[in-house]
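Letters A, B, ... are given to chains in the order of the sequence lines, protein chains preceding strands, and every chain is numbered from 1.
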Number of protein chains: 2
Amino acid sequence: MTVKTAPISSNRAAMRVTINDMAEALNLTKSTVSRALNGYADISETTQRRVKRMAEKLNYQPLSHAQAIKTGRTRSLGLVLQLSDHDAQRPFLAEFLAGVSRGASAEGYTLTVASADNHDHLIETFQNLLRDGKADGFILPRAMVDDPRVTLLRDGNVPFVLFGRQDADEGCCWHDVRGEDAMRDAVLHLNRLGHKRIGFINGGLIYSYAKLRRAGFEQGMAEAGLPVDRGIFVEDAVTVKEGAAAGALLLDHPNRPTAIICAVDHAALGVYQSAAARGLKVGSDLSVIAYDGIQEGLHAQPPLSTFAVDTQHSGNRLATLLVRRIRGEPVELLRETVPAIFLDRGSTGPVPKTAN
Amino acid sequence: MTVKTAPISSNRAAMRVTINDMAEALNLTKSTVSRALNGYADISETTQRRVKRMAEKLNYQPLSHAQAIKTGRTRSLGLVLQLSDHDAQRPFLAEFLAGVSRGASAEGYTLTVASADNHDHLIETFQNLLRDGKADGFILPRAMVDDPRVTLLRDGNVPFVLFGRQDADEGCCWHDVRGEDAMRDAVLHLNRLGHKRIGFINGGLIYSYAKLRRAGFEQGMAEAGLPVDRGIFVEDAVTVKEGAAAGALLLDHPNRPTAIICAVDHAALGVYQSAAARGLKVGSDLSVIAYDGIQEGLHAQPPLSTFAVDTQHSGNRLATLLVRRIRGEPVELLRETVPAIFLDRGSTGPVPKTAN
DNA sequence: TTGATTTCCGAAACCGGTTTCGGCAAGTGA
DNA sequence: TCACTTGCCGAAACCGGTTTCGGAAATCAA
């Protein structure tokens, strides 16, 4: 029994150009116009050009939701965010969205964003968006090991692209930053500075990057001819607190490391704390290299040397890849990785003379 | 000359229930079903209930883009993000989006996100989304003085809701946090601690909040019976750097303040720096209260006392208000403010005995 | 009882596109 | 010259909804 109030913005679309206007202006039928614009072979080259020029002139673009009624596709990309606390990605969300949005709009697509808290709600969110045709495909940030989203979408035959890689790569395409190379380079960088005792603090094991970064670290150690000591090797530290705990463990080791590599910046900030608590100066007594490129790292003392990710660029690439996937390109052609960018900001130094 | 590859996910919507299925199941025509669901008066109560129950049972929901073709509305809210650097909102973007998304989906709406860099692109982005019918209305984060977005949308008769207030309030509805009350409370809180020399560092003047927070500060001073000294009063500091500069100015004043109120947290962190540079201990030598509730403030030494905003809740409210606006409710009923939440974390203290 | 209203639903047009189908005209081969 | 393609476009159906209009049945007034 609510009062019916008239929705506002009645004449807002102010007579946009429809396909009928186009047909009239060109003295063709709308079916011909439609097929010309979609590049059908049974429309002559001449007519196609003529139609496309007119579309340009009249600034005509088909309404995506009008097309969708027949094609089922709305020209929009879906992105489902998950609110997890310890998310190094979060400060970069704005850049990421900007990149995705730009990549999408370059292809005539838009971006639909939803968020989910728990797991059930996550699946439900995808399904709702799909049922309502609000997304033609999805960008999956933060690829996880055995990612439930992948299972869902793959089974549903829905296009998707991962930010991160996937072991079971069937039907998967992705864009990722080569964290393994970063970890390897970090080892070699430290080794050039004379370090031989290098500890490692890995990130969240539920994410697929952890395995890669661990392997990168191990490869770097192998290349440097250094043994990996599991006594100064910790997994699954993603918060400052966990990083501090891991750092304490490493620094209290009887033969403590002169350098520590962290798979995520937050953990490194924790290492800063435990180093300070033990009277160790980061940058001289202890070298630290991490990964992510968060802002806090820049403001830390000393500024944290880390591998940064061009999140905006990654967002852009992900959108582009997804659109190509939606258009039917095979996944094998839609897998790419880019290097991280080393920011040598000052948390490393030559191995201390008085080491141990 | 691109190879035509077949788009994937052909049968993905796996036979969703359409209005025709409904009509058949109910032995009614689809026009009746449609009108029943939309609550038309010329459909009997009995039939309406019957139809709605069936919709429930079959899990039927009309395709928004199928409705849109006739109604022009796609049941989606638009949000255009601007990439401006010094944006305290950014760390909260995830929460904000979560709130908006939740509020929207509760009303059967989804969220379309786009981003813009410069001003021209901003307007263009709105217009593209409108022309394509990708958004029925917009949430405008960070209300500005003489906001160009407001002008555009108001003239275009497009529904919108502001996060923040607007002086020229015609056609505007909003949700906002009462920063002015926060500033006032900050003054009174400090005054209760004995402070009489209280400096003020305002935030970005292009935003509409600046005027309000200034007024709140002045009102607090008036209520406390304190004069406002323009010598310890700075405008337009939004970054750590600008905050440090402003702090320096205030602290170098011959009769320096014993407390400083900042309109934004980042500025307060700058004040921390200039206080440290002068050998002043925040929390004892100098009290500081700010506004925003950013995470860095918690990790600062001492933790920054500040007024926090429940960004997720605000996002939720904004979505709800916008939907109501789209449905035609008058703007006057769609204006609300909520209080900020004071987090007394430790950057204030009694006025120092040896003051000056 | 009859004429005038209401009440309530069906029929059909419509929205802006896409896609199938059919057919005319020009070209091709014998 | 005639049958057969081929190239190219129009006609019309269709997608899944909304909305206008008209009319049958039930109710009401007289």
Novice: Please tell me which of the listed nucleotides, C:dC8, C:dG17, D:dG16, lies nearest to the side chain of A:L63?
Specialist: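 Taking heavy atoms from C-beta onward, the closest nucleotide is C:dG17.
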
Novice: Does D:dG10 have its OP1 or OP2 closer than 4.0 Å to a side-chain nitrogen or oxygen of A:Y40?
Specialist: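 No, outside the criterion.
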
Novice: Within the structure, does a side-chain N or O atom of A:S31 lie under 4.0 Å from either OP1 or OP2 of D:dC9?
Specialist: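 Checking A:S31 against D:dC9: no side-chain N or O falls below 4.0 Å of OP1 or OP2.
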
Novice: If I take atom CD in residue B:Q67 and atom C1' in nucleotide D:dG17, what distance separates them, rounded to the nearest angstrom?
Specialist: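 After rounding, the reported distance stands at 7 Å.
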
Novice: Are OP1 or OP2 of D:dG17 and a side-chain N or O of B:N20 less than 4.0 angstrom apart?
Specialist: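 So the side-chain polar atoms of B:N20 never come under 4.0 Å of the phosphate oxygens OP1 or OP2 of D:dG17.
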
Novice: Rounded to whole angstroms, how far apart are CG on B:D42 and P on D:dA24?
Specialist: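 That distance rounds to 17 Å.
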
Novice: Could you grab the distance from atom CZ of B:R317 to atom CG of B:L322, nearest 0.5 Å is fine?
Specialist: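 Going from CZ on B:R317 over to CG on B:L322, the span is 12.0 Å.
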
Novice: Could you tell me if B:T112 and B:K134 have a donor-acceptor pair between their side chains, going purely by distance under 3.5 Å?
Specialist: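 No, no side-chain donor-acceptor pair sits under 3.5 Å.
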
Novice: B:I69 has an atom CD1; how far is it from atom C1' of C:dC14, in whole Å?
Specialist: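 Taking atom C1' of C:dC14 as the reference, CD1 of B:I69 is at 9 Å.
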
Novice: Establish, with yes or no, whether the OP1 or OP2 oxygen of C:dT19 is under 4.0 angstrom from a side-chain nitrogen or oxygen of A:S34.
Specialist: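 Result: no.
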
Novice: Calculate the interatomic distance between A:R35 atom CZ and C:dG16 atom P; express it in whole Å.
Specialist: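 Between P of C:dG16 and CZ of A:R35: 20 Å.
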
Novice: Is a side-chain donor-acceptor pair under 3.5 Å present for A:T29 with A:T32?
Specialist: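 There is such a pair between these side chains.
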
Novice: Testing the 3.5 Å rule here: is there a donor-acceptor pair between the side chains of A:N59 and B:R131?
Specialist: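 Yes - a donor-acceptor pair under 3.5 Å links their side chains.
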
Novice: For C:dG10 and B:T29 - does any side-chain N or O of the residue sit under 4.0 Å from the phosphate oxygens OP1/OP2?
Specialist: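 B:T29 to C:dG10 OP1/OP2: side-chain N or O found under 4.0 Å.
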
